[in-house]
Every structure is written in structure tokens, then in C-alpha cells.
Trainee: 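There's a structure below that I have some questions on.
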Amino acid sequence: MEIITKQSPQGCNNICPTPPPLPGPAMNCRRKGSATKGNSCALTATRDLWDNLFDRGYRADVTIRTNDGGIIYAHAGVLGMASPVLRGMLKQAKGVGHKRLISIHGVQHDAVRVFIRFLYSSCYEQEEMKELVLPLLVLSHAFVVPQLKRICEQQLENSLLTLDNVVDVFQLSLLCDAPRLVLLTHRMILRNIKAVSATEGWIAMKRSHPALEKEILESMIYEEQMEKERIRKLNERKIYLQLYEAMEALVHICRDGCRTIGPCDKDLKDDQKPCTYEACKGIELLVRHFAGCKLRVLGGCIHCKRMWQLLELHSRLCADSGSCRVPLCRNFKDKVKKEFKKDEMKRKILAKKILSTKRIGGEPFFLSSKSISSY
């Protein structure tokens with residue numbers, strides 16, 4: 001046999017082989033004879049080599065006992081490098097000669113086999129994942145295999161989470177420190193509480209963990225209260241926004257005039273550009289009614305009462321009553337000074353909330369910065 005050394009001319013012309021790729025994220029891989037398709041970052045030959053090493057147990061030095069007397073053969077070097085927990089178990093394991101024996105109980109034999117195979121090639125079959133995702137989640141957490149744990153969480157989140165197993169997944173995600181999965185399952189339970197409460201998983205949880213059931217029901221009540229509060233605040237903000245727009249339209253009509261209505265010293269034209277104030281039409285109708293109503297003196301008209309309230313509210317927001325063109329602005333200002341402090345505080349709070357609805361868009365044109373800061 002001809003030996004090629006570093007100094008040999010033939011050795012100098014020899015091309016170095018391409019190094020194997022670094023391990024990448026695990027993907028769904030297809031084993032020989034399987035109909036499941038998938039991809040892997042590792043070369044096919046390398047992947048098949050690791051699969052064959054596991055399947056044939058060539059020179060295996062570890063025996064794993066599982067439930068129902070099942071046995072799986074593996075290699076201590078692979079197990080120790082893939083999982084720190086298994087590494088510690090191997091250090092304490094007893095055996096005959098170079099053979100060491102460890103036990104993995106609590107899950108079915110097939111789940112342990114799929115788990116150990118993943119430690120070799122970082123591959124799995126989709127059908128096995130679909131059937132064994134929950135025990136694989138438990139094993140990946142118990143033996144600290146974060147890559148497999150992320151895959152199980154993603155599989156559950158994307159396609160394997162159902163109303164029938166959501167309670168079981170919720171409990172396991174609490175035990176396995178999977179906060180995102182806890183959040184997703186909890187939301188799913190709350191959205192479908194009627195259907196979920198009739199499943200076997202809920203009945204089993206109610207019997208074994210009544211405190212957890214109580215927490216879920218309390219959280220459901222809390223979520224309903226928060227939703228009601230959110231709707232209440234949205235409606236409240238909508239009302240404040242409408243009042244703000246009404247104040248703008250009122251000042252616009254009394255100061256500038258709008259097409260067919262305005263102050264006496266303004267030259268109004270019907271062919272003016274359309275008004276940009278959304279509340280202008282409604283305020284115009286209210287002002288026209290207020291000017292001709294016979295019941296407003298006695299306070300018997302609801303529309304006139306609303307107009308009085310708008311005029312009073314404007315006076316509290318107005319920065320300069322002396323030059324203001326809105327009717328009765330100065331009168332209401334004087335009236336405010338004579339009111340009790342308690343009522344004045346309530347009205348100031350209302351004025352502050354109305355102003356806060358449009359604070360982002362800049363200060364209102366009928367207020368000065370000094371007046372705004374006083375609220």
C-alpha cells in the first residue's frame with residue numbers, strides 16, 4: 001500500500017474533505033420506509049448513521065428500562081452529552097462490566113424510545129410527535145433537553161392543541177415551566193369554558209386538583225370584570241370625545257359662523273366650503289331650537305336643558321370670557337365663583353377628562369396653555 005505523507009507530492013495535491021455541518025435546529029426527518037416527509041440540517045448520510053447506531057445498538061453500553069419491562073439500548077457518551085440529567089444518572093448507575101443500567105418510568109415505552117432517538121439524530125416523525133407530544137414534553141423538561149421542549153411547545157401551539165387535551169396541556173405546562181403554553185391554554189379554556197368543562201380532562205382536574213379549578217374560575221370572573229371595565233372606559237371616552245367636539249363646534253358657530261348660522265356681524269354664504277366639524281350640524285339644530293323654544297324658561301324642554309349644560313361646560317373650559325363670543329359665557333363664569341367647592345371639583349374633573357381626549361393632537365383652539373395647566 002502506498003502511503004502518502006505530508007511531504008509527498010501526491011499528498012500536496014490531495015483536496016481536504018469538507019467538514020460535516022454544525023448541528024442545527026431539529027426538523028421532522030424521514031426514516032427509511034416512512035411516508036412522512038421532512039428536512040434536516042444534517043447530511044442524510046450522517047443522519048442515517050446516527051439512526052442506525054441507535055436502532056442496532058452497536059456496542060451499546062447502557063441499558064434503559066422503561067414501563068412494562070421494555071428495554072432500550074443506548075450509548076453513554078451520546079446520552080451524557082445530550083442531557084446533564086442523564087449524565088448524572090450514568091455516573092451513579094450500577095452495572096455488570098462496562099454495561100450500565102438506568103430506568104425511565106412514568107411514561108410509555110414508545111415515548112422513551114422516541115426521546116432517546118432524538119438525542120442521537122435530533123429527528124422525529126410527525127405521526128409519533130402527534131401521538132406522544134405530551135410525554136415528550138415531560139421528558140424534555142425532566143431531562144433538560146431544551147431543543148425538544150421548544151419543538152413540543154411549537155407543535156402544540158400550531159396544530160396539536162384541542163379542546164379535549166387543553167386541560168391536560170395546561171396542567172403540564174405549569175409543571176414543565178412553559179409560560180407561553182400556559183398563557184395560550186389558559187386563554188383557550190376561558191374562551192371555551194362551557195365545552196372544556198364537559199371534557200374528561202376537566203373532570204379529572206376537578207377531582208385531583210380542585211384548587212386549580214377554583215383559580216381558573218376566579219380568573220374567568222376577573223377577565224369578565226376587566227372586559228366590562230374596558231368597555232365602560234371606551235364608552236366613557238367616546239362620550240368625552242363627543243363633548244369635546246361639541247365644544248369645538250359651538251365656538252366655531254358663535255365666533256366664525258358656519259354657512260347659514262353665526263354671529264350677526266359675519267357675512268354668511270350658502271356656497272361656503274363644507275364644514276369640517278362633525279358635530280356642527282347637531283349643534284346648529286340645537287341652537288336654532290334653543291332660540292325659538294317657549295319652554296326653556298321653565299326648564300321643561302330636554303333639548304334646551306342640554307343646551308344650558310353645553311353653555312355652562314364651555315364657560316368652564318373657556319380661557320378668556322371677556323372676549324368670548326359664546327352667549328352667557330361671562331354669566332356662567334360669575335356663577336361658578338359662587339358654587340360650593342365640592343360641586344366645583346366634580347366639574348373640574350369632567351373638564352379635565354374632556355380635554356385629555358384630544359391632548360395628543362395639541363391644545364384646543366379655545367384654550368390657552370395656562371388654562372390647560374390649571375386642570
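These numbers come from the heavy atoms of this one structure, side chains and all, not from hydrogens, waters or symmetry mates. Computed from a prediction, not measured in an experiment: that's the story for all the values here.
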Trainee: Within the supplied structure, the quantity of interest is the number of heavy atoms (other residues, nucleotides, ligands) at a distance under 6.0 Å from N158 CG; does it exceed 12?
Mentor: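 More than 12 within 6.0 Å, yes.
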Trainee: Apply ring pair (Phe, Tyr, Trp, His ring centres under 6.0 Å) to F143 and list each qualifying residue two or more places apart in sequence or on a separate chain.
Mentor: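 Partners of F143 by the ring pair (Phe, Tyr, Trp, His ring centres under 6.0 Å) criterion, ordered by chain and then number, come out as F115.
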Trainee: Ion pair present between R232 and E236, side-chain N to carboxylate O less than 4.0 angstrom?
Mentor: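 The answer is yes: the pair qualifies as a salt bridge.
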Trainee: Rounded to the nearest 0.5 Å, what separation is found between the CD1 atom of I283 and the CE atom of M307?
Mentor: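 Rounded to the nearest 0.5 Å, the CD1-CE separation comes out at 6.5 Å.
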Trainee: State the CD-NE2 distance between E284 and H252, to the nearest 0.5 angstrom.
Mentor: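 Going from the CD atom of E284 to the NE2 atom of H252 covers 9.5 Å.
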Trainee: Among the clusters formed by ILVMFWY side chains lying less than 4.5 Å apart, do M81 and L148 turn up in the same one?
Mentor: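 Cluster IDs for M81 and L148 differ.
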Trainee: Please list all pairs passing the side chain to side chain donor-acceptor pair (under 3.5 Å) test where one or both residues lie in residues 130-145, with sequence neighbours left out.
Mentor: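 Pairs touching residues 130-145 that pass the test: H141-K149.
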Trainee: Please round to the nearest 0.5 Å and tell me the distance separating atom OG of S197 and atom CG of N192.
Mentor: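 These two atoms lie 10.0 Å from each other.
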Trainee: Which residues pass the ring pair (Phe, Tyr, Trp, His ring centres under 6.0 Å) test with H75, not counting sequence neighbours?
Mentor: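 Counting only residues at least two positions away or on another chain, H75 forms a ring pair (Phe, Tyr, Trp, His ring centres under 6.0 Å) with Y120.
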Trainee: Look at the side-chain heavy atoms of Ile, Leu, Val, Met, Phe, Trp and Tyr, link any pair under 4.5 Å apart, and say whether L172 and V144 land in one connected group.
Mentor: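 Cluster IDs for L172 and V144 match.
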Trainee: Could you tell me which residues satisfy ring pair (Phe, Tyr, Trp, His ring centres under 6.0 Å) with H303, sequence neighbours excluded, listed by chain and number?
Mentor: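 Result, ring pair (Phe, Tyr, Trp, His ring centres under 6.0 Å) vs H303: H289.
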Trainee: Kindly indicate whether the side chain of M188, heavy atoms from C-beta on, has any atom under 4.5 Å from the side chain of V169.
Mentor: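 The answer is no; the side chains never approach within 4.5 Å.
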Trainee: Check the surroundings of atom CZ in R87: do more than 12 heavy atoms from other residues, nucleotides or ligands lie under 6.0 Å from it?
Mentor: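 Yes - once you tally the heavy atoms of other residues, nucleotides and ligands closer than 6.0 Å, there are more than 12.
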Trainee: Are L184 and M205 linked, directly or through intermediate hydrophobic residues, by side-chain heavy-atom contacts shorter than 4.5 Å (ILVMFWY only)?
Mentor: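 In one cluster with M205: L184, no.
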Trainee: In chain order, what residues pass the side chain to side chain donor-acceptor pair (under 3.5 Å) check against Q155, with sequence neighbours excluded?
Mentor: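 Q155: side chain to side chain donor-acceptor pair (under 3.5 Å) contacts with Y124, Q126.
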Trainee: Check the side chains of N67 and H105 for a donor-acceptor pair under 3.5 angstrom, ignoring hydrogens and angles.
Mentor: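 Result is yes, a qualifying pair exists.
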Trainee: Please tell me whether L53 and I71 are part of a single hydrophobic cluster in this structure, the criterion being side-chain heavy atoms less than 4.5 Å apart.
Mentor: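 No, because L53 and I71 fall into different hydrophobic clusters, even though each may have its own neighbours under 4.5 Å.
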Trainee: Measuring from atom CG of L190 to atom CD of E224, what distance do you get when rounded to the nearest 0.5 angstrom?
Mentor: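 Rounded to the nearest 0.5 Å, the CG-CD separation comes out at 9.0 Å.
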Trainee: Roughly how far, to the nearest 0.5 Å, is OG of S159 from CE of M129?
Mentor: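 Interatomic distance, M129 CE to S159 OG, rounded to 0.5 Å: 10.0 Å.
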Trainee: Within this structure, what is the CG-CZ distance for the pair L175 and F170, rounded to the nearest 0.5 Å?
Mentor: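 One finds 10.0 Å between CG of L175 and CZ of F170.
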Trainee: Check whether any side-chain N or O of D168 sits under 3.5 Å from a backbone N or O of G201 as a donor-acceptor pair, and report yes or no.
Mentor: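 Not confirmed, D168 side chain does not pair with G201 backbone.
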Trainee: Output, in order, the C-alpha distance, side-chain angles, deciding distance and verdict of side-chain contact (heavy atoms from CB on, under 4.5 Å) for W308 and F332.
Mentor: CA-CA 10 Å; W308 282 113; F332 278 113; 3.6 Å; yes
Trainee: Just wondering, more than 12 heavy atoms not from R187 lying within 6.0 Å of its CZ?
Mentor: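 Not buried by this count: 12 neighbours or fewer within 6.0 Å.
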Trainee: Which residue in the set H314, R316, Q309 passes side-chain hydrogen bond (donor to acceptor under 3.5 Å, both in side chains) when paired with E312?
Mentor: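 Exactly one pass, corresponding to R316.
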Trainee: Tell me whether T185 contacts the main-chain N or O of V182 through its side chain, where contact means a donor paired with an acceptor under 3.5 Å.
Mentor: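 Here the side-chain-to-backbone pair exists.
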Trainee: Take a 6.0 Å sphere around NE2 of H209 and say whether it holds more than 12 heavy atoms from other residues, nucleotides or ligands.
Mentor: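 Result for NE2/H209: open.
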Trainee: Test of understanding: with side chain to side chain donor-acceptor pair (under 3.5 Å), list the residues that count as partners of E153, not counting sequence neighbours.
Mentor: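 None.
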Trainee: When you measure from the side chain of S83 to the backbone N and O of L79, does any donor-acceptor pair fall under 3.5 Å?
Mentor: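 Answer holds: no.
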